[in-house]
Amino acid sequence: MLKIAIQKSGRLYEQSVQLLKECGIELNNGNRQLKVKAFNFPAEAYFLRDDDIPQYVADSVADVGIVGENVVFEKEKDLNIVSKLGFGRCRLSIAVPKNMNYQGGSDLNGLKIATSYTVLLQKFLTENNLKADIHEISGSVEIAPGIGLADAICDLVSSGSTLFTNNLKEVEVILDSQAVLVANKNLDEENRKILENLLLRINAVKAAKNYKYIMMNAPDHQLKNICALLPGMKSPTIVPLAEKGWSSIQSVVNENDFWEVIEKLKQFEAQGILVVPIEKMIS
Ligand SMILES: Nc1ncnc2c1ncn2[C@@H]1O[C@H](COP(=O)(O)OP(=O)(O)OP(=O)(O)O)[C@@H](O)[C@H]1O
Ligand SMILES: O=P(O)(O)OC[C@H]1O[C@H](OP(=O)(O)OP(=O)(O)O)[C@H](O)[C@@H]1O
Ligand SMILES: [Mg+2]
C-alpha cells in the first residue's frame, strides 16, 4: 500500500486530487476525512499541511507526496523528486516598496526582509554576497512593509496581484517553482513497484495534455510531405479513401507546434482536418 501525502486544502489540493483521479485513483474525501483509501489502486492518501509533507515523506510516515518545489527546497530533507507535475507554478521573489529606487542586489544590504522562506532567502543572500536582516513570519508577508515590520519581503508570486495591491514591486526572482511528486529514498520493493505504476500513469496523463489527435484527408501525392510533418508516436496511420488518389491520415501533434503544423497541412492540400483531445498517452 503506497501512502500518498497531499495538501489538505489550499493551492495544491484540487489539482493533486484531480491528477490522481486522471490516473484512475479515486479518493472519496467527501466528508473531509484526513486518511482515505483509494477504491481501485493500492494506495492511501493522507491530507496534510503542505509544510509538513517533506518531513513526513523523509520519515516514511508517507511514501510519496505532492508538494511545491519551494517547500521541498526550503525544508532541505533528503528526498527524491520523481516527477514535475506542471501545476502550482509560481516563483519565490524579493519585492520592495513601489517607490523605492531599486538599482540592483546591493540595495538589499542592510534591509530588513520579512519571509516564511528563511533558508532559501539566506542562500540567495550568501550566494550574492549580500547582508540583510531576515525577519521570519508565517503568513500575510506582503503586509509587512506597509505596517513598518520590514523594508522588503520575500514570498511567492504568481500573477503579481498581491504585490500590486500592497504597493510592492518584484525585484529579484530566487526560485521558479511548480508542484512535484517526492518520494522516500528507501521504499520497499512492493511500494517501489506501486510507485513505478503510478509514474507510468502520471506520465501518460502529462503527455496527453501536451498532444492532440489529428485526422485529415489528403491527396496521395502529398502523403510524403504530410508524414514528414507529422511523425506521430511511431508513424502516422494512413488509410485509403473510397475516392481514388486520396487517403485519410491520423497522427498526433504537439500542442506547441499546433498552429504552425495546421498552416503547413493546408499548404499540402489537407482537407477536413479534425483535432481531438487525448485522454491518456502511453509510449
Ligand atoms: N499564487 C500561487 N499560484 C500558484 N501556485 C502557488 C501560489 N501560491 C502558492 N502556490 C503553490 O502552492 C503551494 C501551497 O500554497 P498555499 O498558499 O495553499 O500554502 P499554505 O497556505 O502554506 O497551505 P497549508 O495550509 O497547507 O500550509 C505553495 O507552496 C506553492 O508551491
Ligand atoms: O501573485 P499572486 O497571484 O497574487 O499570488 C501570490 C500569493 O498567493 C499565495 O498566497 P495564497 O493566496 O495562496 O494565500 P495564503 O496567504 O493563505 O498562502 C502567496 O503566498 C502570495 O501571497
Ligand atoms: Mg503551508
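Every number for a ligand or one of its atoms is a count from 1 in the order of the listing.
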Considering heavy atoms of the protein only, find what lies nearest to atom 21 (C) of ligand 2 and give residue, atom and distance to 0.1 Å.
-> E142 OE2, 3.2 Å
Pairwise distance CG(N80) to CG(N184) - rounded to 0.5 angstrom | 8.5 Å
Could you list the atoms of ligand 2 found under 4.0 angstrom from a heavy atom of G160?
-> 1 (O), 2 (P), 3 (O)
Atom 9 (C) of ligand 1: closest protein heavy atom, distance to 0.1 Å, is L156 CD1, 3.5 Å
Closest by any non-hydrogen atom to atom 7 (C) of ligand 2: pick that one out of N166, L163, T162, I143.
-> T162
Pair Q55-D52, side-chain donor/acceptor within less than 3.5 Å = no
Please answer whether the main-chain N or O of D220 pairs with a side-chain N or O of S247 as donor and acceptor at a distance below 3.5 Å.
-> no
Polar protein atoms near the Mg ion (ligand 3) [N, O or S; cut-off under 2.8 Å] = D50 OD1, D51 OD1
Which residue and non-hydrogen atom of the protein lie closest to atom 31 (O) of ligand 1, and at what distance in Å?
-> N70 OD1, 2.7 Å
Report, in ascending order of atom number, the atoms of ligand 1 lying under 4.0 Å from any heavy atom of V71.
-> 29 (O)
To the nearest 0.5 Å, atom CD of Q222 lies from atom CD1 of I249 at 9.5 Å
So, E255 versus Y211: side-chain donor-acceptor pair below 3.5 Å or not?
-> no
What one should report as the nearest heavy-atom pair of A270 and M216 is CB-SD, 3.9 Å
Ligand 1 to L12, heavy atom cutoff 4.0 Å, flagged ligand atoms 12 (O), 13 (C)
Which ligand 2 atoms are under 4.0 Å away from a heavy-atom of S159?
-> 1 (O), 2 (P), 3 (O), 4 (O)
Does the side chain of N101 pick up a donor-acceptor pair with the side chain of Q103 at under 3.5 Å?
-> yes
CD1 on I25 to CD1 on I202, rounded to 0.5 Å = 7.5 Å
What do we get for D50 next to ligand 1 when only non-hydrogen atoms under 4.0 Å count, side chain, backbone, both or neither?
-> both
Going by the atom numbers of ligand 1, which of them fall below 4.0 Å from some non-hydrogen atom of G68?
-> 31 (O)
Should one rank V157, D155, D50 by closest heavy-atom distance to atom 20 (O) of ligand 2, which comes out on top?
-> D155
Same cluster or not: are V157 and F164 linked, directly or through other Ile, Leu, Val, Met, Phe, Trp or Tyr residues, by side-chain heavy atoms under 4.5 angstrom apart?
-> no
Within-cut-off N or O pair, R11 and ligand 1, under 3.5 Å = yes
Mark the output for G139 as yes if a heavy-atom distance to ligand 2 is under 4.0 Å, and as no if none is.
-> no
Rounded to the nearest 0.5 Å, what separation is found between the CD atom of Q122 and the OG1 atom of T118?
-> 8.5 Å
Atom 23 (O) of ligand 1: the protein heavy-atom neighbour that sits closest, reported with distance to 0.1 Å = Q7 NE2, 3.0 Å
Under 4.0 Å from a heavy atom of G10: give me the atoms of ligand 1 that qualify, with their elements.
-> 18 (O)
Protein heavy-atom partner closest to atom 11 (C) of ligand 1 - residue, atom, separation in Å = C90 SG, 4.0 Å
Do you see a protein non-hydrogen atom under 4.0 Å from atom 4 (O) of ligand 2?
-> yes
Any Lys/Arg nitrogen of R91 or E69 sitting under 4.0 Å from an Asp/Glu carboxylate oxygen of the other?
-> no
State, without any angle test, whether Q18 and E22 hold a side-chain donor-acceptor pair at a distance under 3.5 Å.
-> yes
Distance only, no hydrogens: is a donor on one side chain within 3.5 Å (strictly under) of an acceptor on the other, for E170 and S93?
-> yes
Could you find the nearest protein heavy atom to atom 6 (C) of ligand 2 and give me its residue, atom name and distance?
-> L156 O, 3.5 Å
Residue pair D155 / Y117, side-chain donor-acceptor N/O under 3.5 Å | no
Applying a 4.0 Å heavy-atom criterion (strictly less than), which segment of R49 is in contact with ligand 1: side chain, backbone, both, or neither?
-> both
Do any nitrogen or oxygen atoms of S177 come within less than 3.5 Å of a nitrogen or oxygen of ligand 1?
-> no
Which bit of R89 is near ligand 1, meaning a heavy atom under 4.0 Å away: side chain, backbone, both or neither?
-> backbone
Nearest to atom 16 (O) of ligand 2, what protein heavy atom do you find, and at what distance?
-> S140 N, 4.8 Å
Nearest-contact summary for atom 10 (O) of ligand 2 - protein heavy atom, Å | R11 NH2, 4.3 Å
Polar side-chain atom of K206 near backbone of R201 as donor-acceptor pair, under 3.5 Å | no
Can you tell me if N109 uses its side chain to pair, donor with acceptor, with the backbone of K131 under 3.5 Å?
-> yes
Protein heavy atom under 4.0 Å of atom 21 (O) of ligand 1 | no
Crowding at CD, E14 (>12 non-hydrogen neighbours, <6.0 Å) = no
Taking 4.0 angstrom as the limit, do E74 and K123 come out as a salt bridge?
-> no
